[in-house]
Amino acid sequence: MDIGSIAGLVITIILLFTAMAMGVGIGPYIDVPSIFIVFGGTLGTLLIGFRPEQLKKVGKIFMVAIKPPQLNPKKTIESIIEYATKARKEGILGIEGDLQNEEDEFLKKGLSLAVDGVEPDSIREILENDIEQMSARHADNALIFGQIAGFAGAMGMIGTLIGLVAMLLNMADPAAIGPAMAVALLTTMYGAILGNVFGTPIENILTLRSKDEINLKTIILEGIMAIQAGDNPRNIETKLFAFLNPADRESQFDK
Amino acid sequence: MDIGSIAGLVITIILLFTAMAMGVGIGPYIDVPSIFIVFGGTLGTLLIGFRPEQLKKVGKIFMVAIKPPQLNPKKTIESIIEYATKARKEGILGIEGDLQNEEDEFLKKGLSLAVDGVEPDSIREILENDIEQMSARHADNALIFGQIAGFAGAMGMIGTLIGLVAMLLNMADPAAIGPAMAVALLTTMYGAILGNVFGTPIENILTLRSKDEINLKTIILEGIMAIQAGDNPRNIETKLFAFLNPADRESQFDK
Amino acid sequence: MDIGSIAGLVITIILLFTAMAMGVGIGPYIDVPSIFIVFGGTLGTLLIGFRPEQLKKVGKIFMVAIKPPQLNPKKTIESIIEYATKARKEGILGIEGDLQNEEDEFLKKGLSLAVDGVEPDSIREILENDIEQMSARHADNALIFGQIAGFAGAMGMIGTLIGLVAMLLNMADPAAIGPAMAVALLTTMYGAILGNVFGTPIENILTLRSKDEINLKTIILEGIMAIQAGDNPRNIETKLFAFLNPADRESQFDK
Amino acid sequence: MDIGSIAGLVITIILLFTAMAMGVGIGPYIDVPSIFIVFGGTLGTLLIGFRPEQLKKVGKIFMVAIKPPQLNPKKTIESIIEYATKARKEGILGIEGDLQNEEDEFLKKGLSLAVDGVEPDSIREILENDIEQMSARHADNALIFGQIAGFAGAMGMIGTLIGLVAMLLNMADPAAIGPAMAVALLTTMYGAILGNVFGTPIENILTLRSKDEINLKTIILEGIMAIQAGDNPRNIETKLFAFLNPADRESQFDK
Amino acid sequence: MDIGSIAGLVITIILLFTAMAMGVGIGPYIDVPSIFIVFGGTLGTLLIGFRPEQLKKVGKIFMVAIKPPQLNPKKTIESIIEYATKARKEGILGIEGDLQNEEDEFLKKGLSLAVDGVEPDSIREILENDIEQMSARHADNALIFGQIAGFAGAMGMIGTLIGLVAMLLNMADPAAIGPAMAVALLTTMYGAILGNVFGTPIENILTLRSKDEINLKTIILEGIMAIQAGDNPRNIETKLFAFLNPADRESQFDK
C-alpha cells in the first residue's frame, strides 16, 4: 500500500471540503447536474478516443498507481550476483535448477534464454523489445490520466458557459443572479479538481513508476548479459550499482 | 463498428443538451449565425492550411476513427507461424502458393519479396519505409483534427469578441445586455464543444489507431525477417509475443 | 494557384465581416489606431527578432504558401524510371544528353554527379545536405508566421490593457464606458484574427508544403542512388512507390 | 553559499510585501485558511504523485539549489593534467599513490579503473552510465519543483472558485462583496507567488546546476580516457578546454 | 549595427506610447511602484535561478543581439577555397604562413591542427565539440530572455492581484474604484510589454544568430576536413555551397 498517495489524496480532499465548509457549508458546492456534466462528459470524451478495454483498466491502473508493486532493485542485484557467482563456479547450466524458484518473471525469462544457449545479441534484442513494449503500454496508461486532466478542464468550462448563458437570459430577478452564477462556476471548479487532484497527479505517479520499472528491468538485462559473458561477480555489482542511488550502494562483498 | 467511440459521442452530446434543457431550454443555445462563425470559420482556416484533397478525406478519416479496421495481432502471429512452419519444412518457395489467399496486403508483399529472393536488408528497408510513410500519413490526418481543436477555440473567442463589442455599443437598454452577452458567449461555447468533443478526441483516437497499425506491421516485418532467416517457429512466436499484451500471449504450441 | 487557401481566407474573412454587419454594422469594428497598434506592433516585434532580409521575403513566402510550386511525385518517378531504363541499356553515361532538358534542378544536379563518376557515398552526402539545408530554410520561414501568431495575440492584449486603463480613469460619464470598452476590446480581436486567420494557418501550410518538397527530393535522392547502383527499373519503381499514397501507385509497367 | 539565489528570493519577497504595504497594509493579504488551501493542497497533490522519500528530500534539494557544491572545472582540468603528466612519465601505475588523496569521487573512481587495467570501452561505459543515472536523478528532483509550480497555480484557482461561489451566494449585503472577493483572490495570488517565486526558479536553478555537473563529469571522463590512451598532456588540455568558456581557457603551459 | 532590431524596438515603443497618449496621456500609465514590482520582481526571480555571472552578461548579450558580429559565409567559403587551392599546390604545410593573418579564430585553430598533422578524426572531434559547447552557451543565453518573458508575465499578474485586493477592500468611495483598478492593471501591462517586446523577441534573435554562427562554423569544419583530405577546390565549393541560400551560390570559378 502506498501510504503517500492515499495520504495525499485524503489531505487534499479534506482541505478542499474544509475550505468549502468554512464559507457557506459544503451543501451549496454539491450540484448533481454539474457533477454529471463534468464527470460524465469527461468519461464520454475519453470513450470517444480510447478503446473500451483500455478504459475498463482505468480502475486497475489507478490501483497500481496508489498501490504499486514493490520493486527492490537492491535485492534484485543481490540475487543477480548470486546467479553470477554460481554460473562462474559451475557454468551457466548450473543455475538451471535455481530458476524454478525465481519469482521475477523477467529475470527468469532472460536467464532461461541464456541457459538455453541463445545468442547474446538475440537475448539483448528480445529483452530490450520487452522493455520497450512495456514502456509503451505504461505511456498509454499514463496518457489516459493526462487526457482526463485536459477533458475535465474543458468540460468544466463548457458547463460554466452553459450556466452563464442561462443566467444572462434570466436577469429579471437580481437576487437570482448571484446563486445562478455560483452554480455556473461549479462545473469549472469540478473540472479543476478532477484534473488537478485526480488526473495530473496520477499521470505523474504512473510515469514515475514506469521509470522505476524500466530501471529495474534494465538492471536485470545488464546483469544477464554480464552473467552470460562470464563476468566477475564483483565487477557486475560495480556495474549494476550505477543504477542505484549512491546511498543504496552497499556492496555485499564488503560485508 | 467501434461502439465505444459512438457511445462516447452520444453520451457527451446528450449530457450537454440535458444541461441546456435544465436551465432555459435548448432553444436559446441555438444561434445560427454563431454556428456559422465557429463552424464556417474553422473550416475556412483549415482550408487555408490544408490541401482540399486532404480535407475531402476528413469524413473518410472520421469514419476510420469511429469504425476502425479490425486488427488482430494475435491471429496475424498465428498466420506468420504457419508460414514459418511450412517454410521450414518445404523451403521458402513452399509458401508461394498460399500467398494467393493472404488477405493482409503488407504480409503478402513482404513474403512475396522473400519468395522472390530479394536480399534481407532490402526487404527490411522496403517494409520499414512503407511503415514510416504510413505513419507520416496517419500523423497528417491526426493533425487535421488537432488543428480543428485549435481553430475552433480561436473562432469561438473571435465570435465572442465581435458580440461583446456589439453589446457594449448598445447598452442603452439594460434589459438587452444580458441576452446580448448570452449570445456573444455562444460562439465560445460552440468552439469549446467542437474542439473538445470532436477535435481532440478524434485526434487522440487516430493517434492510438496509428500506433496499433504500426505495431501490427512491425510484427509482420519481424516475422518475415525471421521466416527468411529460417528461424525456428517456436522462437519466432516468442519473439513476436513481446509485441502483445502479456495477457494475450497464449502460445499455440502449448495448446 | 492554390484555390483552397484563397477560398479559405475569403470564406473566413466574409464570415467575420458578416458577423460584424449583423450586429452594429462593420463601421464600429474598424478603429485605425487599434489597427496600428496590433499590426504595427506585430511588425515591430518581428523586426526586433528577424533579419530585415527575412521579413522582406514575407510577401514572397506568403505567395509561395498560397500559390505553391506544383509538385508531381508520380511524374517525377516516371521520369526517374526513364533515366533508369536508359542507364541500364546504355550505361550511366547514356543519360548525359537527356540531362540538358531536365527541368528539375535537384534531379539534374544529382544525375550529373552520377554521370561525372562521383562516389555514391559523396552523392548521397551532398544531396542529403541539400535537403537538410532546404528544410532548415523552410522551418525558418514557417517560424516567422508562427511568431506572427504569438506577437499579434500579445499586442492585442497590450492594446486592450492600454484601452482599459484609459476607460477606468474616465468613468465619470457612464454612457461612455460601454463604447470605450468596446474600442479597448478591438485590439484583442484584431490580434486574434491576425494570429488565427493569417499567422497559424500560413505557418501550417508552409510546414505541410515543406514536407511535400522534402518527400519529392527524397524520392529523387533514392532514385538517383538506385540508378547509379544499376538497379532494375521495376524494382526502383516498387521502392519509390512507398513514398506515394497507396491510391497513386499505378505502375507504368502494368499499363 | 550562493549569494545570488538568496538575494533574488529576498529582493522578490521584499518587493511583494512593499507592494502590499503601500495599499492597504500587509495584514489583509494574510489569510490563514487560504494559505492552508494553497500550500497544503500543493503538498497534498505532490504526495499523490511523488514517493514520500522523494518529498523528504525537497528541503535538502532546496539547500543544494541555493547553496550548490562549488564546481571548478578549471581546477579539475589542472588536476587531470597533473595526473596525465605523471602517467606519461611513470606509466599509469605511477598515479596509484596520488589517488588516495583525490577528493573528487568520480575522478578517483575512473582513474582507479584505469589503474586496475580495465578495458577503455568498459571504463567509458561505466562512467557514462554513472553520468546518465545522475542526470536522471537530477531531472526527477527538478521535476518536483516544476510540478509545485503547476499544482500551486491550480490550487490557487480552485481556492478562488470556492471563495467566489461563497461570495455569490451571500450577496445580500453589498458592502461584504468587495472584501469577500478580495479574500477569494488571495489563493490565486498565493498560488502565483508559490509557483513563480519558489517553484519555477528553483526548477530552473536545479536544471542549470545539473548541466554544470554533467559538464564537469564529462571533462573528467574525457580526461581519463585520454590519460589511459597515453595522450600528450598539452593535447589533453586543448581538448578539455573546449568545455570551458573561452574566457577561462588560460593554459598552464603558457604560464 | 543591426538597424532592424533597433528600428523594431523603437517602432514598437513609439506605437505603444502613441496609443497611451491618444487616450488619457502618457502620465497615468507611469506608476513607479508598479514598475518596481514588475521589473524588480523579474530581476529577483531571474537572480534566484541564474548565476550572477550569467546575469551580468545580460547587457553584453543584449548588445550582441542588437549588434551582432558580421558573419559572411560567402566570404568565408572564398577564403577556404584559397587555402584549398594553395594546399593542393604546395601541400598542407604551404598554408602555414598565411594562417598568421587569418582573422577567424575557428578557421585558424582548425587549419593549425591540420598543419600540425593531427589525425582527421581528432580534428573533427575537437571542432565539433567546440561547436557543441558554443551552441550550449548560446542556448543558455537565449534561455535567460525566454525566462524574462515568463517571469515578467507572472510578476505582472501578481502585481495586479495585489492591486485588485487593495481595491476590493476599499470600495467605500465608488469614484476611487476605476482609478484603483486602472493602477492594478498597469503591472499586467508592464509584464506583457517587458515579456513581448524585450523578452521573447530577444530570445528569438539570439536563437537565430546562434543558428547562423553554427552554420558558419559547420562550413569551416567541412572545409577544413576537405582541405586536409586534399579535395579538389571546385568540389569543395560545390559541397560548401549547400550551406548557402541558393541565391548566394555564385561560384568564384565561373567569374
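Just so it is clear: chains get the letters A, B, ... in the order the sequence lines come, proteins before strands, and each one is counted from 1. Since the model is a prediction, treat every value here as computed from it, not as a measurement.
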**Message:** Given heavy-atom pairs under 4.5 angstrom as the criterion, report whether the side chain, backbone, both or neither of E:Asp212 touches chain C.
**Reply:** side chain
**Message:** Quick check: under 4.5 Å, non-hydrogen atoms only, which of residues 164-173 of chain C neighbour chain E?
**Reply:** C:Leu164, C:Val165, C:Ala166, C:Leu168, C:Leu169, C:Asn170, C:Met171
**Fill in**
From the list E:Asn245, E:Val10, E:Leu186, E:Thr207, the residue making the most non-hydrogen contacts under 4.5 Å with chain C is E:Asn245
**Message:** Please classify the contact between E:Met22 and chain C as side chain, backbone, both or neither, with a heavy-atom cut-off of under 4.5 Å.
**Reply:** side chain
**Contact check, side chains of E:Thr12 and C:Leu47, non-hydrogen atoms, under 4.5 Å** = no
**Asked** Do E:Phe198 and C:Ile48 have side-chain heavy atoms sitting under 4.5 Å apart?
**Response** no
**Prompt:** Heavy atoms, side chains only, cut-off 4.5 Å: are C:Met155 and E:Leu16 in contact?
**Reply:** yes
**Prompt:** Checking heavy atoms, do the side chain of C:Glu125, its backbone, both or neither come under 4.5 Å from chain E?
**Reply:** side chain
**Asked** Relative to chain C, which segment of E:Asn235 carries a heavy atom at a distance below 4.5 Å: side chain, backbone, both, or neither?
**Response** neither
**Message:** Is E:Tyr29 close to chain C through its backbone or its side chain, or both, or neither, when contacts mean heavy atoms under 4.5 Å?
**Reply:** side chain
**Request:** Tell me, yes or no, whether the heavy-atom count around E:Asp121 atom CG, taken from other residues, nucleotides or ligands under 6.0 Å, exceeds 12.
**Result:** no
**Request:** State, with a plain yes or no, whether a side-chain heavy atom of E:Lys211 is found less than 4.5 Å away from one of C:Asp140.
**Result:** yes
**Fill in**
Turns out that what part of C:Glu132 lies under 4.5 Å from chain E's heavy atoms comes down to neither
**Request:** Might you point out which heavy atoms bring C:Gln133 and E:Asn215 nearest each other, and give the distance in Å?
**Result:** OE1-OD1, 3.8 Å
**Prompt:** Between C:Phe36 and chain E, which part of the residue has a heavy atom less than 4.5 Å away: side chain, backbone, both or neither?
**Reply:** both
**Asked** If you measure from CG on C:Asp130 to CZ on E:Phe241, what distance do you get to the nearest 0.5 Å?
**Response** 12.0 Å
**Prompt:** If you tally heavy-atom pairs under 4.5 Å against chain E, which of C:Thr45, C:Leu43, C:Leu46 wins?
**Reply:** C:Thr45
**Item:** Minimum-distance pair of heavy atoms, taken over all atoms of C:Asn129 and E:Lys239
**Value:** ND2-O, 4.2 Å
**Fill in**
Between C:Gly40 and E:Leu15 the two heavy atoms that sit nearest each other are C-CD1, 3.2 Å
